[in-house]
Every structure is written in structure tokens, then in C-alpha cells.
Asker: 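One structure follows; several queries about it will come next.
From a predicted model like this one, the values you see are computed outputs, not experimental measurements.
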Amino acid sequence: MQTALYRAERPEVFEDIIGQKHIVKILKNQLKTGTVSQAYLFAGTHGTGKTSTARILAKAVNCTGGGESIPCGHCENCEAIREGRFVDCIELDAASNNGVDDLRAIVDMVKYPPSIGKYKVYIIDEVHMLSQAAENAFLKTLEEPPEHAIFILATTDPQKVRATIRSRCMELNFRRVTEEDLASGMKRICDKRNIEITEDALSTIAARAGGSVRDALSILEQCIAAGDARLDRSLVLEYTGAAGEDFYLALTDAVLSGDPGKALIYIDEIIKRGKDARQILKDWNVHLRDLMVAKYVAKPEKIMAMSQENAARIKSQAGKTDAIFIESAIRLISEYINMGRYSERPRILLETAAVKLAAGREAPEVPVVPVRPAKTPQAEKTEVTRNTVQMEPVADLRELMPEAAEIEEEHELPPETGNPTEMWDRIVQEVAANDRSFISLVGHHSEALDFDAGELRIAVRPGKIRLAEEKLREITEIARKLYGNSIIVSLKSGDPGEDARKTREMTEEETAQILQSDKALNEAASDIEDLFGIKPVIES
């Protein structure tokens, strides 16, 4: 049976470790000065080299090679540790051996001197999964181990390791490996195995590995197994189940042109080819990020990890859109990615995201906001009010732009500003003339509460309040252009609809209905008293 690539290419000496130069420097200096610690805590995400480094350190303290390079990797002890038959190097997987009996076995053995090497090295992987009883049994030994014992604890979640254990160890944090270091390491492996691979393919694998050397080597092994004479970017995308750059360019073009039908056709074609909807959402978000990079960086090829030709195509597409749309699209797709983790039908989420973005970019006309029932002017409202829902203000222009308070009023407010709903509808239409996505992203999720003393109060759904805040300066400028320089627009986080409508005062018609109802109740009570001699109690 063939050994997996990530195991076959496991680093054997410090120089082979990818992307952890800061840790290698510390350990090599300790070995050189004879100040090796009694206990280490190796913390970092999966696939960054924690266990491999622990084994190399075990070799280094027991190496008998005698050369300048420590460990040498060729002496009898180094060979035994690599093959897993060195009796003085004990490994324990705490994920499956986390009970108190497992740790007591180590505590009982640690007092005996090493059989072959100079040190006994105990490597405990996923130490954060030890039970509380096991940790308690281990504490004293970890604090005062014998001179011949070294403990190396590894974890992917250091926050779950008890502080009493962490304080007894030298903690070394393994970083996510950069894409440049991953590509360089895989290039070295491919050269050693006579595998021809392009720089674009290496960059694509490194980008999809997420900083994990093990994940990168697993993807590389999958591509090598196909048996192609030469690996390029398109083959890597094909073997990893990802859609190519052409798909995301076409899908984004359909959205930018306001054509949801075409976007759905593209999605249907790619799904029929066996691509995963969840992965398409993630990769589409990466494509939108590349649009943002291409919009602001003169030579974005290296940042986007792709060829100059593909970078030029993305740069051309970036010129068709604006930063506001890109940011809104990234936010929207990120929400759908989170929902997709728990959805049994992620395709529906992908299609919904595409339609929503395309609908927000429809041209040439701005979608019409539904007209809400008109309210009577503020001046005609009575003193009778309904119960109100209290909402804390999130922001208004006076907080974000202090100079607004100093602007002098140029003219009086016109009479039509008394209806807050009509005012807000008109403002939404004007903002949407410059940003067509504003109606779908904010307009449909907001409602005017009231207009009083020159302040127009707007309720916005909590999930959309941040988008509205980012447009507050433009909203206020348009409001002042329409209704005078003294107007202030303030945003409140709340649920538009019934709760928002409850915050308004009753109209004169609604007040009359209540008074008429009270009159009818009083007349009924008078009739009952006349007929039965009982005076009913009417609670308000």
C-alpha cells in the first residue's frame, strides 16, 4: 500500500519544516546552548507541523550522529524515531486516550531512566481533550519532571488547555503557513519526484489549502494521482471540484447586467457538472474579493495568486462595477455561506444569492418602492397615542459628521414634509438612482417612524443597519436637497412593520374610532343599569 504524500514527505530535520522559521530558530538555539525546556506546548491549527516538529526535537536531543547538523537524520536513534520503534519516545493521542488511567501510566513510567537515548520524550497530541481527572494526575509530574524527561504537548485549541498546564510549559505558536511558503515547499517536492507543475497550479493549491501543509499535500497528491504529464491551474480546479475562472466571470457579468435568468442558467450548468454549491459560494466570494483587489492594486497578479491573463480579465470586470456593490455582494454571500453550513439544499441558497444580487443591479430603471398608506400630517395628530416600542438610536449624522450641526438653515421646510412615509420613499428613490442595490439591501428593510422638530426617524432591520449607516451621509445630503438644510435623518435598529408602526401616533380617524367605541360601551353600560340595576365596570 502506498504511503500518503503528507506522510512520505514528513520533514525529518529542522531545515525541512515549512513556514515556521521563528520556532525552528528558538529550538535550534536551545539545543546549541544546552537550555532545552522541560515542557513545551505546541499550539496551532491543523497541518502546520506541530507533531513533525515534536519528533524532530525528540531526534535532536537523542541524536548520536555527532555532525554539525542536529539532528542528523541518519544515526540509529534518528532512524528508530522516524520508524516509530524508539522506546524512549512515547506518543499519546489524547483524543482517544484521555482518561486518568492513561496519564497515570505515563506518571508511573517517567521516573525510570531512558533505555537507549539520553532523554525520554513524551509527545501528547490534542492535549486539550484530556479529562479533568487526567489533567490533575498530570500536573505535579509536569511541574517537576525528572532530569531525563521532556514533555511536548500539542493542541489545535490552546484556549481549552488549563492555565495551570500552560503556565508550566514554554508555549510556541505555530502560524498558518503563507501561500508563498506552501508553493515553494510543494515545488521542491515536485522537483524531487520529477513532476511538472505550473506556478499557477502551485498558487491555486496553496490558496485552497488555507495555511495547512497537510491539506496542500493532500490536494497535490490528488492531482498527481490523475497521471497527467503536466499539471496546470485548470486541471487543479477540475480535480478539486472547483469551477474555473470563466464560470465566475460569466456569473458576475450576469449579475452586473441585471439578468437573474442568465445567472440561474449558469448555475444549473455548473451543478450538472457535479460541482458543489457550497464550494461555489465560497469561491464566488473569493472572486468578488479579487475584484476588489483588482480595482485598487495596479499589478494584482501576485495578491490574487493567478496568471497575468486571468488577472487582466478580472481587472476588466472590476471596471464595470463599484466598491459599494462589491462590498454589499461580499456581505450577502458571506451570510449565505454561513447558512449553507446547515442547509440540506445549498443550491437554493446559491440561486437566491445570485437572483438577489442581479435584482439589485437591474437597469435602466430603478425598481419602484411599494407605496405605503399615507398618514395625516404631524400637525393634525391628536394627543391620543398607542403604546410605543423603545429603540435605542444607532447613529445619526450629528454623531458621524459633527459639522452638520453648524450648517445654517437656508429656508423653511415646505409643507409636504409632514408625511414621513412619503418623505422616506422619495429619499430611497433618489439614493437608488446612484446605487440600484440600495432598495433591495436597505429600502425594503426600513420604514419611516415619524418626523418631528426637523428630525426624520427611520427604523432599519438589525441585519441591515450597518449598510444603512454607511449610506447615512448620502441619505442626509439628499434629504436636505429635497426638504431643506435643517433636516436631520436618524437611524434606529428595529423591525419595520408592526412594531415600527406602533411607535407612531394615531391618526385623527383612528382616534375617532376609539372614541366611538368608548361611546358605544358607555351606552351599553347605561342600558344594563336601567334594566337590571347593575352598574358594570368598564376598564380602559
Asker: How about Gln20 and Thr48: does a side-chain donor come under 3.5 Å of a side-chain acceptor?
Answerer: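 No donor-acceptor contact under 3.5 Å links the two side chains.
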Asker: Nearest heavy-atom pair of His128 and Lys160: which atoms, and what distance?
Answerer: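 His128 and Lys160 have their closest heavy atoms at CB-CB, 3.9 Å.
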Asker: Is there a donor-acceptor contact under 3.5 Å from the side chain of Asn98 to the main chain of Ser131?
Answerer: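 Between the backbone of Ser131 and the side chain of Asn98 there is no qualifying donor-acceptor contact (under 3.5 Å).
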Asker: Is any side-chain heavy atom of Ser212 less than 4.5 Å from a side-chain heavy atom of Arg214?
Answerer: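 Contact flag for Ser212/Arg214 side chains = yes.
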Asker: Give me the atom names and distance for the closest heavy-atom approach of Ile150 to Ser37.
Answerer: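 Taking Ile150 first and Ser37 second, the nearest heavy atoms are CG2-O, 3.9 Å.
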Asker: Tell me whether Ser316 contacts the main-chain N or O of Ala312 through its side chain, where contact means a donor paired with an acceptor under 3.5 Å.
Answerer: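 Such a contact is absent between Ser316 side chain and Ala312 backbone.
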Asker: Where the side chain of Asn97 meets the backbone of Leu92, is there a donor-acceptor pair that is under 3.5 Å apart?
Answerer: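 No: the side chain of Asn97 does not pair with the backbone of Leu92.
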Asker: So, Asp276 side chain and Arg278 main chain: donor-acceptor pair closer than 3.5 Å or not?
Answerer: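 Yes: the side chain of Asp276 pairs with the backbone of Arg278.
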Asker: Give the intermediate values and the outcome of side chain to side chain contact (heavy atoms under 4.5 Å, CB included) for residues Val213 and Tyr6.
Answerer: CA-CA 8 Å; Val213 179; Tyr6 74 85; over 6 Å; no
Asker: First locate atom CD1 of Ile333, then atom NE2 of His287, and finally report the distance between them rounded to the nearest 0.5 Å.
Answerer: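 One finds 9.5 Å between CD1 of Ile333 and NE2 of His287.
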Asker: Is the side chain of Lys120 donor-acceptor paired with the backbone N or O of Met109 at a distance under 3.5 Å, no angle test?
Answerer: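 Yes, Lys120 side chain to Met109 backbone: donor-acceptor pair under 3.5 Å.
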Asker: Around atom OH of Tyr119, are there more than 12 heavy atoms of other residues, nucleotides or ligands at under 6.0 Å?
Answerer: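 Atom OH in Tyr119 is not packed in, count stays at 12 or less.
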Asker: Considering non-hydrogen atoms only, spot the tightest contact between Ile280 and Lys275 and give its length.
Answerer: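 Smallest interatomic distance, heavy atoms only, reads CD1-CB, 3.9 Å.
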Asker: Please determine whether the number of non-hydrogen atoms from other residues, nucleotides or ligands lying under 6.0 Å from atom CD of Glu327 exceeds 12.
Answerer: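 Yes, because the 6.0 Å sphere around CD of Glu327 holds more than 12 heavy atoms from other groups.
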Asker: Give, for atom CG of Leu237 and atom CG of Asp283, the distance between the pair rounded to the nearest 0.5 Å.
Answerer: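 Between Leu237 CG and Asp283 CG, I get 8.0 Å after rounding to 0.5 Å.
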Asker: Do the charged groups of Arg85 and Glu79 touch, with an N to O distance under 4.0 Å?
Answerer: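 Salt bridge: no.
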Asker: Show, in sequence, the C-alpha distance, side-chain angles and deciding distance for Asn136 and Arg162, and conclude whether the side-chain hydrogen bond (donor to acceptor under 3.5 Å, both in side chains) test is met.
Answerer: CA-CA 10 Å; Asn136 292 335; Arg162 286 174 63 176; 2.6 Å; yes
Asker: Hey, are Asp200 and Thr198 close enough side-chain-wise for a donor-acceptor pair under 3.5 Å?
Answerer: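 No, Asp200 and Thr198 have no side-chain donor paired with an acceptor closer than 3.5 Å.
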Asker: Applying salt bridge (Lys or Arg N to Asp or Glu O under 4.0 Å), run through Glu12 and Arg55 and close with a yes or a no.
Answerer: CA-CA 8 Å; Glu12 300 296 338; Arg55 291 175 181 172; over 6 Å; no
Asker: Between His148 and Val121, is there a donor-acceptor pair closer than 3.5 Å when you use the side chain of the first and the backbone of the second?
Answerer: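 Here the side-chain-to-backbone pair does not exist.
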Asker: To the nearest 0.5 Å, what is the distance between CD1 on Ile124 and CD on Glu91?
Answerer: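 Rounded to the nearest 0.5 Å, the CD1-CD separation comes to 11.0 Å.
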Asker: Check whether any side-chain heavy atom of Ser334 sits under 4.5 Å from a side-chain heavy atom of Asn285, and report yes or no.
Answerer: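 Answer yes - side chains close enough.
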Asker: Kindly give the heavy-atom pair with the smallest separation between Ala206 and Ala183, and that separation in Å.
Answerer: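 Distance-wise, the nearest heavy atoms are CB-N, 4.2 Å.
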Asker: Using a 4.5 Å cut-off on heavy atoms from C-beta on, say whether the side chain of Asp268 contacts that of Ile265.
Answerer: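 The answer is no; the side chains never approach within 4.5 Å.
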Asker: With a cut-off of 6.0 Å (strictly less than), are more than 12 heavy atoms of other residues, nucleotides or ligands near NE2 of His74?
Answerer: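 Count not over threshold, so no.
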Asker: Under the criterion side-chain hydrogen bond (donor to acceptor under 3.5 Å, both in side chains), I'd like the reasoning laid out for Asp215 against His46: C-alpha separation, chi angles, the key distance, then a yes or no.
Answerer: CA-CA 9 Å; Asp215 288 355; His46 72 280; 3.0 Å; yes
Asker: Is the number of heavy atoms from other residues, nucleotides or ligands within 6.0 Å of CD (Glu83) greater than 12?
Answerer: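 Yes, CD of Glu83 has more than 12 neighbouring heavy atoms, counting only those of other groups under 6.0 Å.
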Asker: Looking at residues at least two apart in the chain, or sitting in another chain, which of them share a ring-ring contact (aromatic ring centres under 6.0 Å, His included) with Phe174?
Answerer: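 Here the qualifying residues are Phe42.
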Asker: Quick one: closest heavy-atom pair of Arg347 and Ile271, and the distance?
Answerer: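 So the two residues come closest at NH1-CG2, 3.7 Å.
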Asker: Heavy atoms, side chains only, cut-off 4.5 Å: are Cys72 and Thr64 in contact?
Answerer: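 Answer no - side chains too far apart.
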Asker: Could you give me the CA-CA distance, side-chain angles and deciding distance for Arg10 and Asp16, then say whether salt bridge (Lys or Arg N to Asp or Glu O under 4.0 Å) is met?
Answerer: CA-CA 8 Å; Arg10 188 185 291 275; Asp16 293 340; over 6 Å; no
Asker: Is there a side-chain contact between Leu332 and Lys356 in this structure, where contact means two heavy atoms from C-beta onward sitting under 4.5 Å apart?
Answerer: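 The answer is yes; the side chains approach within 4.5 Å.
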Asker: Donor-acceptor pair, distance only, cut-off 3.5 Å: does the side chain of Lys50 make one with the backbone of Ala154?
Answerer: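 No: the side chain of Lys50 does not pair with the backbone of Ala154.
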Asker: Could you tell me whether Glu143 atom CD has more than 12 heavy atoms of other residues or ligands within 6.0 Å of it?
Answerer: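 Correct, the count exceeds 12.
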Asker: Within the structure provided, determine whether Cys223 and Leu235 are in side-chain contact (heavy-atom separation under 4.5 Å).
Answerer: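 No; the side chains remain at least 4.5 Å from each other.
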Asker: To the nearest 0.5 Å, what is the distance between CZ (Phe325) and CG (Leu288)?
Answerer: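 Between atom CZ of Phe325 and atom CG of Leu288 there are 6.5 Å.
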Asker: Please assess Val460 against Leu467 for the test side chain to side chain contact (heavy atoms under 4.5 Å, CB included), listing each intermediate value before the final yes or no.
Answerer: CA-CA 10 Å; Val460 185; Leu467 293 173; over 6 Å; no
Asker: Determine whether the side chains of Thr156 and Glu126 contain a donor N or O and an acceptor N or O closer than 3.5 Å.
Answerer: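 Present: a donor and an acceptor within the cut-off.
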Asker: Going from CD on Glu335 to CG on Leu281, what distance comes out if it is rounded to the nearest 0.5 angstrom?
Answerer: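 With rounding to 0.5 Å, CD (Glu335) is 12.0 Å from CG (Leu281).
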Asker: What's the verdict on salt bridge (Lys or Arg N to Asp or Glu O under 4.0 Å) for Arg331 and Glu470, showing C-alpha distance, side-chain angles and the deciding distance?
Answerer: CA-CA 13 Å; Arg331 288 177 184 273; Glu470 293 171 355; 2.9 Å; yes
Asker: Determine the minimum heavy-atom distance between Arg104 and Ala137, stating which atoms define it.
Answerer: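 Reported closest heavy-atom pair: CG-CB, 4.4 Å.
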Asker: Should the pair Glu238-Arg233 be classified as a salt bridge under the 4.0 Å nitrogen-to-oxygen rule?
Answerer: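 Salt bridge absent between Glu238 and Arg233.
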Asker: Run the side-chain hydrogen bond (donor to acceptor under 3.5 Å, both in side chains) test on Ser234 and Asp232 for me, step by step, so that the C-alpha distance in whole Å, both residues' side-chain angles and the decisive distance to 0.1 Å come before the verdict.
Answerer: CA-CA 6 Å; Ser234 61; Asp232 58 20; 2.9 Å; yes
Asker: Look only at the side chain of Asp88 and the backbone of Gly117, and say whether a donor-acceptor pair between them is shorter than 3.5 Å.
Answerer: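 Yes; judged by distance alone, with no hydrogens or angles, the pair exists.
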Asker: To the nearest 0.5 Å, tell me how far Ile123 CD1 sits from Leu57 CG.
Answerer: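 One gets 8.0 Å once the value is rounded to the nearest 0.5 Å.
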Asker: Between Ser167 and Thr164 (side chain of the first, backbone of the second, donor and acceptor by atom type, cut-off under 3.5 Å), is there such a pair?
Answerer: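 Yes, Ser167 side chain to Thr164 backbone: donor-acceptor pair under 3.5 Å.
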Asker: Would Asp290 and Tyr248 count as a side chain to side chain contact (heavy atoms under 4.5 Å, CB included) here? Give the steps.
Answerer: CA-CA 11 Å; Asp290 289 342; Tyr248 296 107; over 6 Å; no
Asker: Apply side chain to side chain contact (heavy atoms under 4.5 Å, CB included) to residues Leu220 and Leu5 and explain how you reach the verdict.
Answerer: CA-CA 8 Å; Leu220 178 61; Leu5 185 62; 4.1 Å; yes
Asker: When you compare the side chain of Leu217 with that of Ile189, does any pair of heavy atoms fall below 4.5 Å?
Answerer: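 Contact flag for Ile189/Leu217 side chains = yes.
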Asker: Please assess Lys262 against Asp253 for the test salt bridge (Lys or Arg N to Asp or Glu O under 4.0 Å), listing each intermediate value before the final yes or no.
Answerer: CA-CA 9 Å; Lys262 186 181 292 186; Asp253 274 338; over 6 Å; no
Asker: How about Ser184 and Asp181: does a side-chain donor come under 3.5 Å of a side-chain acceptor?
Answerer: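 Ser184 vs Asp181: no donor-acceptor pair found between side chains.
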Asker: Is the backbone N or O of Gly99 less than 3.5 Å from a side-chain atom of Asp102, with the two atoms forming a donor-acceptor pair by type?
Answerer: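 Yes; at least one donor-acceptor contact below 3.5 Å.
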